[in-house]
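Data block below; observations after.
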There are 2 protein chains.
Amino acid sequence: MATIEVEPTEPGEGAGPVALTRRGGVALWRQIEQALEAEIASEGLAPGDRLPTEHALAERFGVNRHTVRQALGALEERGVVRVEQGRGTFVHDDPLPYTVRKRTRFSETIRLQNREPHSRLILAGNFPAESAIARPLGLRRGESVILLETLGEADGRPITIASHYFPAARVPDMIAAYRAEGSITRALARCGIADYTRKSTKVTARLPSAEDARALRLPRSRPVLVAENLNIDLDGRPIEVSINRMAAERVQLVFEP
Amino acid sequence: MATIEVEPTEPGEGAGPVALTRRGGVALWRQIEQALEAEIASEGLAPGDRLPTEHALAERFGVNRHTVRQALGALEERGVVRVEQGRGTFVHDDPLPYTVRKRTRFSETIRLQNREPHSRLILAGNFPAESAIARPLGLRRGESVILLETLGEADGRPITIASHYFPAARVPDMIAAYRAEGSITRALARCGIADYTRKSTKVTARLPSAEDARALRLPRSRPVLVAENLNIDLDGRPIEVSINRMAAERVQLVFEP
DNA sequence: ACGTATTTGTTCGTATGTATC
DNA sequence: GGATACATACGAACAAATACG
């Protein structure tokens, strides 16, 4: 008994008749979760689309708004939807394909996806190198490196935080050059490094630090991809180590041999 | 029974007398964090080593256990240590470098790191392809694919869970072949695919499903790297899509152009 | 298979110093 | 100065996972 037939609110698509079974051993919110996910998977709801309001969903399924919220919470936890305070609930966008090649520049890569790149300087300074930075750069621990920390955005959406390390001996004026040019590539050119290419990329993932989470506008529970690039100049000498942190749910790194 | 050793356990190195300054403008937990990190950096504590218990550290530094915990939490957040309930706190192991090339085979890659690879079949079957699998394989949604799910280990430590999808029309006897050979590469050879190479790899990260977490022996709060490989045969035709999930804290994917 | 000791995880409560308006 | 919020530090108790005989 007690199967509740809810009349479809729209005849066309998406809001097909969903029968929730009570006392069937599956909690209502789980059934709602599955129903919504099925709707998304069947492409009745496209990436970026806004779901009906919680109120509307509660009406449609004939349940309390709390029950809908539990279902949405489960979907958000799994990264299927994204809930924004005051705006609504949205089907999660497809991740941005970020193709990594021998010559990869952030702004080019973003523009390739028809999005508008923007880069902002967060922090700049001169520090003694930790061994994790010194080694790939071919320096001794404690030698001076220049750090530029940048936040990269696509269409205003934060994509990556990158810590760029340069050997201070090679490019002493890097900070000024970056301030003048607003781009790593052009700043390096100004410092006499006409071109550089990627020697290797090491990828791992972890949960974000508090600062990274804030800058990326990402909950602390959502992982970040960490890509460590070693870039070399045309003579094959290391010129930059960059450590990029990206919201894992927003990007997909693409490597093609 | 309450034998309390406050003195340095070793005269040589590591547990040297550390003077914490109160009211010095630096919080106690930060000083403890730095002291422990210095000890690890100086290799008084090697990767994998267990740190003293929180209780012991609290005694040693003359602070409350909460204060020690805050320091350990900061170290864990930065990936310096790994805290395991009921077991202790450990210096973080170095991640296993997993180099991805045009021809990458799990067992070869593991052996390169002087570790003993092992592969175990978890699941095998024949299914209609979802679009995410069908598309890269050049099939239509619903066409039959063979799924082999394997768990790869190095020195008995679970490294990766991989779902391998093959077009059933091309290699109908793949499951039997795998059971006979115990290796994807040799099974494909038996099915007439002499060789195959990697066309592309897409990398992202997420929190693990319950099953993945269990198989990888990983807490659900720790992210997994997800690498989707598309492999093609010598004629350039797609022969396999594999979706690999790896404990992010245990591996580092290395790409060299 | 079970109980016990060990170790980390969580939640109370309390007190104090610091920064801000 | 006063009010307030926040981070720091301590204490006690209990919960949960693990190790071990």
Side-chain angles (χ1 to χ4, degrees), chain A residues 70 73 77 85 122-123 206-215 217-223, chain B residues 1-10 14-15 17-40 44-93 95 151 153 155-159 161 207-224 247-250:
Chain A
Q70 188 147 12
E77 190 172 315
Q85 173 89 270
I122 297 177
L123 188 145
R206 60 161 184 258
L207 295 181
S209 70
E211 304 87 66
D212 285 352
R214 189 161 27 75
R217 279 186 259 143
L218 187 74
R220 302 249 0 227
S221 57
R222 296 282 185 44
Chain B
M1 67 235 339
T3 55
I4 297 177
E5 274 284 346
V6 185
E7 290 85 325
T9 42
E10 295 197 340
V18 184
L20 301 190
T21 52
R22 293 177 187 252
R23 297 177 186 62
V26 181
L28 289 181
W29 66 267
R30 276 224 173 276
Q31 299 179 55
I32 295 170
E33 179 193 0
Q34 282 158 17
L36 291 175
E37 192 176 12
E39 223 166 286
I40 291 167
L45 285 166
D49 279 4
R50 210 183 89 179
L51 271 69
T53 66
E54 295 175 350
H55 180 76
L57 287 172
E59 290 254 326
R60 181 171 133 197
F61 289 108
V63 300
N64 190 278
R65 195 177 138 227
H66 284 304
T67 312
V68 168
R69 281 179 61 77
Q70 189 145 10
L72 291 177
L75 288 172
E76 178 173 41
E77 184 174 302
R78 293 194 295 125
V80 179
V81 302
R82 159 176 49 91
V83 184
E84 291 183 37
Q85 178 164 4
R87 302 220 317 130
T89 306
F90 302 83
V91 180
H92 205 302
D93 302 285
L151 174 66
E153 298 175 325
D155 288 348
R157 206 170 150 65
I159 296 296
I161 289 190
L207 295 182
S209 69
E211 305 87 65
D212 286 353
R214 188 160 28 76
L216 291 171
R217 280 188 260 142
L218 187 74
R220 290 209 64 183
S221 58
R222 301 278 181 56
V224 290
E249 62 194 36
R250 303 211 267 261

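Every chain is numbered from 1, with letters handed out A, B, ... down the list of sequences. Note: hydrogens, waters and symmetry copies are ignored here, and every other heavy atom, side chains too, is used.
Backbone-only engagement by R22(B) is indicated by non-hydrogen atom pairs under 4.0 Å involving sugar-phosphate atoms exclusively. Counting any heavy atom pair closer than 4.0 Å across all strands shown, L28(B) reaches sugar-phosphate atoms only and no base atom.
With D155(B) contributing its side chain and R157(B) its backbone, the two residues share no donor-acceptor pair below 3.5 Å. For R250(B) (side chain) and P158(B) (main-chain N/O), a donor-acceptor pair under 3.5 Å exists by modelled atom type. The backbone N or O of L45(B) lies less than 3.5 Å from no partner atom in the side chain of E39(B), so there is not a single donor-acceptor pair.
When the C1' atom of dT8(D) is taken as reference, atom CZ of R69(B) falls 16 Å away, rounded to whole Å. Atom CD in Q70(B) sits about 15 Å away from atom C1' in dT10(C), given to the nearest Å. Residue L75(B) contributes atom CG, which lies 14 Å from atom P of dT8(C) at whole-angstrom precision.
Listed pair T67(B) / dC10(D) meets the phosphate criterion, a side-chain N or O lying under 4.0 Å from OP1 or OP2. Residue R87(B) has no polar side-chain atom (N or O) positioned under 4.0 Å from OP1 or OP2 of dT6(C).
Using a 4.0 Å cut-off between charged side-chain N and carboxylate O, R222(B) and E249(B) make a salt bridge.
Every residue two or more places apart in sequence or in another chain was checked for a side chain to side chain donor-acceptor pair (under 3.5 Å) with E153(B), and none qualifies. Taking E37(B) as the reference, R78(B) meet the side chain to side chain donor-acceptor pair (under 3.5 Å) condition, with sequence neighbours excluded.
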Close N or O pairs between protein and nucleotides 11-16 of chain D (under 3.5 Å):
| residue | atom | partner | partner atom | Å |
| --- | --- | --- | --- | --- |
| dG11(D) | O6 | H66(B) | NE2 | 2.8 |
| dA12(D) | N6 | H66(B) | NE2 | 3.0 |
| dA16(D) | N3 | Q85(B) | NE2 | 3.1 |

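Of the candidates dT18(D), dT8(D), dT7(C), dT7(C) carries the atom nearest the R50(B) side chain, counting heavy atoms from C-beta on.
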